[in-house]
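Whatever order the structure lists them in is the order used to number ligands and atoms, beginning at 1. Values below: every heavy atom of this structure, side chains too, minus hydrogens, waters and symmetry copies. Everything numeric in this text was worked out from a predicted model, so none of it was measured.
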Amino acid sequence: MPRYAYVNGRFAPHKQAAVHIEDRGYQFADGVYEVIPVHRGRVVDEALHLDRLEYSLGELSIAMPVSRASMRLIAHELMRRNALTNGFLYMQVTRGVAPRSHPFPKPAPRPALVMTTRQLPVPSEEAIERGISVVSTPDQRWARCDIKSISLLPNVLAKELAASQGCAEAFQIDDEGYVTEAAASNAWIVTHEGTVVTRQLDTDILSGITRLSLQRVIEDLGYRLEIRPFTLDEAYTAREAFITASTQYVMPVTRIDERIIGNGRAGILTTALRQAYTQHVVEQGEGADRFAAS
Ligand SMILES: Cc1ncc(COP(=O)(O)O)c(C=O)c1O
């Protein structure tokens with residue numbers, strides 16, 4: 001259990017940290033969030049995450065609660081207080097507190113800012129080699145999945161379906177049979193020709209920061225990359241499959257529904273990409289300031 005959380009201007013003991021019952025995040029899910037990975041006490045791809053936070057807020061006409069520089073200072077002070085080494089920083093911004101009424105309150109309330117940290121264990125080599133199992137489920141989300149909204153009910157239901165079947169993730173399928181993304185990660189396959197495939201960015205998926213960084217890694221390594229939709233059937237018969245997310249890095253997918261992918265173990269290209277992405281994390285972290293005790 002982390003010791004502290006940050007809530008609207010102060011560091012509070014985590015157990016007692018609370019927001020107002022008329023916070024619009026609580027009543028309308030009127031807010032956005034970020035999950036930023038922390039590796040060996042260093043923040044990974046921080047600028048890209050803050051860019052996405054600003055984008056999500058802008059799309060909802062919510063102001064940044066404090067300056068970008070202050071966001072960084074608060075985040076790093078919280079990491080220091082919680083001695084965070086490996087895990088993630090969680091940032092949530094909501095439109096603020098106002099009497100319950102759907103339209104934006106006028107004048108705009110002060111946006112509410114909450115930050116927490118979570119320490120995560122580093123997965124074993126065996127767990128990565130085994131990969132994860134995934135279920136497929138219709139994509140029931142709204143038409144602006146590019147906004148990292150705290151309104152996550154369809155994702156919660158998809159994850160619960162996965163958990164009920166002993167799976168770690170759910171591939172969400174659009175009306176035409178294409179995989180949009182997973183419930184909390186981006187979806188990728190590797191074809192039998194060795195081409196890496198992931199869906200294009202549009203309003204149907206979140207622009208994952210891990211996806212973005214991995215794309216650069218793939219280009220640097222000279223692997224073939226196709227940015228296009230792929231169907232669930234194509235995923236079933238792919239040579240390899242994997243997901244990307246801030247807390248997962250590159251995680252092999254070795255089963256989708258009842259279909260075993262490849263030989264049922266992490267694919268060769270997926271393993272190479274995980275190693276190269278991890279290298280990016282280490283190098284990226286070395287360029288960042290160190291704040292937490294390790
Ligand atoms: C729906 C969805 N897609 C993709 C991602 C991956 O994004 P990132 O790589 O920035 O963690 C997430 C992460 O939480 C997500 O919730």
Side-chain angles (χ1 to χ4, degrees), residues 29 31-39 43-57 59 75 86-93 116-118 120 123 132 134-163 168-174 178-189 196-218 227 229-230 235 241-253 270 273-274 276-278 280-281 284-285:
V32 303
Y33 73 106
E34 276 299 321
V35 172
I36 310 182
V38 172
H39 178 78
V43 183
V44 180
D45 287 336
E46 185 179 45
L48 296 175
H49 281 275
L50 290 177
D51 288 347
R52 187 173 64 185
L53 180 69
E54 285 182 345
Y55 171 78
S56 297
L57 288 170
E59 291 304 290
N86 286 293
F88 63 87
L89 266 166
Y90 177 82
M91 294 179 178
Q92 177 172 309
V93 182
T116 55
T117 65
R118 172 88 63 83
L120 290 179
I132 60 164
V134 163
V135 287
S136 63
T137 184
D139 193 338
Q140 305 186 78
R141 299 171 304 158
W142 70 328
R144 290 302 308 275
C145 295
D146 54 316
I147 299 171
K148 199 162 169 65
S149 157
I150 58 170
S151 174
L152 288 171
L153 205 42
N155 310 59
V156 167
L157 296 178
K159 276 278 200 182
E160 176 54 26
L161 176 76
E169 254 294 13
F171 275 5
Q172 303 181 97
I173 313 300
D174 72 14
Y178 290 102
V179 177
T180 52
E181 60 184 332
S185 52
N186 289 112
W188 305 66
I189 56 169
V196 185
V197 183
T198 197
R199 190 187 177 96
Q200 73 283 357
L201 292 183
D202 53 26
T203 51
D204 290 338
I205 69 167
L206 182 74
S207 174
I209 303 302
T210 321
R211 177 190 177 282
L212 184 65
S213 291
L214 184 66
Q215 200 176 320
R216 290 177 186 162
V217 166
I218 291 170
I227 305 290
F230 60 87
F242 61 91
I243 55 157
T244 54
S246 293
T247 54
Q248 304 285 323
Y249 296 7
V250 174
M251 181 54 74
V253 170
T270 304
L273 291 179
R274 183 175 172 96
Y277 176 78
T278 305
H280 158 78
V281 164
Q284 218 280 326

Between the protein and ligand 1, are there any N or O atom pairs that come within less than 3.5 Å of each other, and if so, what are their names and distances?
residue  : atom   : partner : partner atom : Å
ligand 1 : 3 (N)  : Glu181  : OE1          : 2.6
ligand 1 : 9 (O)  : Ile209  : N            : 3.3
ligand 1 : 9 (O)  : Thr210  : N            : 3.0
ligand 1 : 9 (O)  : Thr210  : OG1          : 2.6
ligand 1 : 10 (O) : Arg52   : NH1          : 2.8
ligand 1 : 10 (O) : Arg52   : NH2          : 3.0
ligand 1 : 10 (O) : Ile209  : N            : 2.8
ligand 1 : 11 (O) : Ser246  : N            : 2.9
ligand 1 : 11 (O) : Ser246  : OG           : 2.8
ligand 1 : 14 (O) : Lys148  : NZ           : 3.1

**Item:** Under-4.0 Å salt bridge between Arg52 and Glu34
**Value:**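 Here Arg52 pairs with Glu34 in a salt bridge, since their nearest N and O are under 4.0 Å apart.
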
**Request:** Please report the shortest heavy-atom distance between His49 and Val44, naming the atom on each side.
**Result:**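 Closest approach of His49 to Val44: CD2-O, 3.7 Å.
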
**Request:** Mind listing the closest non-hydrogen atom pair of Leu206 and Leu201 along with its distance?
**Result:** O-CD2, 4.4 Å

**Prompt:** Above 12 or not: heavy atoms from other molecules or residues under 6.0 Å from OH of Tyr178?
**Reply:** no

**Item:** Set of ring-ring contact (aromatic ring centres under 6.0 Å, His included) partners for Tyr277, sequence neighbours left out
**Value:**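 So Tyr277 forms a ring-ring contact (aromatic ring centres under 6.0 Å, His included) with Tyr249, His280.
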
**Trp188 and Phe242 aromatic ring geometry - parallel, tilted or perpendicular at 30°/60° bounds** = parallel

